[in-house]
Amino acid sequence: VLSCSCLPDLREDEDPPCTAENKQVIERQCNVLKSDKFKECHSLVNPDDFIEICIYDMCQYDGMMSALCDIVQVYVDTCKNHGITIKWRNSTFCPLPCPSRSHYKDCVSACPSTCSDIYASSLCEKTEECTEGCECDDNYVLSNGNCVPLSSCGCTDDDNNYYSVSSLWSKCLTS
């Protein structure tokens, strides 16, 4: 008869380094996952494990809000994998930082308008998938990862090759 047994784990439990006062505040913040905003997902994804991880991480990092935002994002992504989409960010709770001349939206086009294709977002094949992200402000489009005024975009030739304003200017100077 073969018998296997594990040795007892004699390591000390690692409790997160929290003061009692600090831990109460952190628990209250992490318990946001039990709020009505996330309720639709509770029957599919139990928030308790996420809350436990959240408390540990926030204690570990002295209440750093990005730790809370990261765990909420993981919970929301897990819910999304189960078919539940939760709109949870806003300007005061875990706002997504956006570059200048752009703003956060909970559902952005998978193909944003760019200088080389200003109609991309309107011609893009609409899908059910929705991704949060940053979108250029009105009258701005993407160019090399930055939102630039539409008026500063270059043009395309008959073969649909795009030329930026700076390349057009340098062509004019060398011609």
Side-chain angles (χ1 to χ4, degrees), residues 1-114 120-121 124 126-148:
V1 173
L2 182 60
S3 165
C4 294
S5 64
C6 294
L7 295 174
D9 184 355
L10 300 176
R11 294 176 297 180
E12 288 183 36
D13 284 337
E14 287 193 30
D15 284 328
C18 255
T19 63
E21 182 182 310
N22 200 10
K23 191 170 182 183
Q24 279 187 329
V25 171
I26 287 171
E27 283 176 347
R28 205 169 30 255
Q29 290 173 316
C30 291
N31 276 323
V32 71
L33 288 173
K34 288 187 176 177
S35 71
D36 286 346
K37 185 174 286 284
F38 304 95
K39 189 177 187 176
E40 186 182 354
C41 189
H42 290 167
S43 62
L44 296 171
V45 181
N46 186 336
D48 291 341
D49 289 339
F50 293 86
I51 291 168
E52 192 177 314
I53 293 166
C54 176
I55 292 167
Y56 184 90
D57 286 356
M58 284 191 71
C59 284
Q60 186 71 37
Y61 297 107
D62 199 28
M64 193 166 65
M65 283 304 291
S66 62
L68 171 65
C69 297
D70 289 347
I71 198 68
V72 172
Q73 181 67 63
V74 171
Y75 184 79
V76 167
D77 289 344
T78 305
C79 292
K80 191 172 186 175
N81 291 339
H82 285 82
I84 307 283
T85 300
I86 299 170
K87 296 179 186 342
W88 62 282
R89 289 187 195 269
N90 61 42
S91 60
T92 57
F93 185 71
C94 299
L96 194 65
C98 290
S100 68
R101 298 180 293 271
S102 68
H103 56 277
Y104 170 79
K105 279 186 78 174
D106 54 23
C107 185
V108 295
S109 173
C111 7
S113 296
T114 63
S121 61
C124 184
K126 303 291 184 229
T127 63
E128 293 298 313
E129 281 299 306
C130 200
T131 304
E132 67 177 356
C134 298
E135 179 177 85
C136 290
D137 296 339
D138 287 343
N139 297 316
Y140 286 83
V141 294
L142 276 178
S143 178
N144 296 324
N146 298 312
C147 293
V148 299

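Side chains are part of it too, since the values below use all heavy atoms of this structure and drop only hydrogens, waters and symmetry mates.
For the pair M58/M64, no side-chain contact is recorded, criterion being any heavy-atom separation below 4.5 Å from C-beta on. Two residues are said to be in side-chain contact when any heavy atoms from C-beta on lie closer than 4.5 Å; I71 and C30 fail this criterion. V108 places none of its side-chain heavy atoms less than 4.5 Å from the side chain of E132. No side-chain heavy atom of V141 sits under 4.5 Å from any side-chain heavy atom of T114.
The shortest heavy-atom contact between C147 and R101 is O-NE, 2.9 Å. Taking each heavy atom of P99 and S102 in turn, the nearest pair found is O-OG, 2.5 Å. When all heavy atoms of L142 and C136 are compared, the pair lying nearest together is N-SG, 3.8 Å. Contact record, I84 with C41: CG2-CB, 4.2 Å, taken as the closest heavy-atom pair. The nearest pair of heavy atoms linking W88 to C69 is CH2-O, 3.7 Å. When every heavy atom of P97 is checked against every heavy atom of C134, the shortest pair comes out as O-SG, 3.7 Å.
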**Item:** Steps toward side chain to side chain contact (heavy atoms under 4.5 Å, CB included) verdict (F50, V76)
**Value:** CA-CA 11 Å; F50 293 86; V76 167; over 6 Å; no
### Query
After noting the C-alpha distance and the side-chain angles of R89 and Q73, does the key distance pass the side chain to side chain contact (heavy atoms under 4.5 Å, CB included) rule?
CA-CA 9 Å; R89 289 187 195 269; Q73 181 67 63; 2.8 Å; yes
Exercise for review: Walk me through it: do I51 and L33 pass the test side chain to side chain contact (heavy atoms under 4.5 Å, CB included)?
Suggested key: CA-CA 7 Å; I51 291 168; L33 288 173; 4.0 Å; yes
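Among residues two or more places apart in sequence or in another chain, the side chain to side chain contact (heavy atoms under 4.5 Å, CB included) test is passed with P95 by none. By the ring-ring contact (aromatic ring centres under 6.0 Å, His included) test, Y140 pairs with no residue at all, sequence neighbours left out. In this view, D138 satisfies the salt bridge (Lys or Arg N to Asp or Glu O under 4.0 Å) rule with no residue, not counting sequence neighbours. Residues forming a side chain to side chain donor-acceptor pair (under 3.5 Å) with N81 (at least two apart in sequence, or on another chain): none.
Summarising the geometry, atom SG belonging to C18 is positioned 10.5 Å from atom CD belonging to Q24; distances are rounded to the nearest 0.5 Å. Atom NZ in K80 sits 12.0 Å away from atom OG1 in T78 (nearest 0.5 Å). One finds the CG atom of L68 at 6.0 Å from the CD atom of Q29 (value rounded to the nearest 0.5 Å). Between the CG atom in N146 and the OG atom in S100 there is a gap of 7.0 Å [rounded to 0.5 Å]. To the nearest 0.5 angstrom, D77 atom CG is 12.5 Å from H82 atom NE2. Atom NE2 of residue H103 and atom CG of residue L96 lie 12.0 Å apart, to the nearest 0.5 angstrom.
Listed by first and then second residue, the ring-ring contact (aromatic ring centres under 6.0 Å, His included) pairs involving residues 25-47 amount to none (not counting sequence neighbours). Evaluation of the salt bridge (Lys or Arg N to Asp or Glu O under 4.0 Å) test over residues 37-56, restricted to residues two or more places apart or in two chains, returns K34-D48.
In N31, the CG atom is crowded: over 12 heavy atoms of neighbouring residues, nucleotides or ligands sit closer than 6.0 Å.
Looking only at distances, no side-chain donor or acceptor of Y61 sits under 3.5 Å from a matching main-chain atom of Y56.
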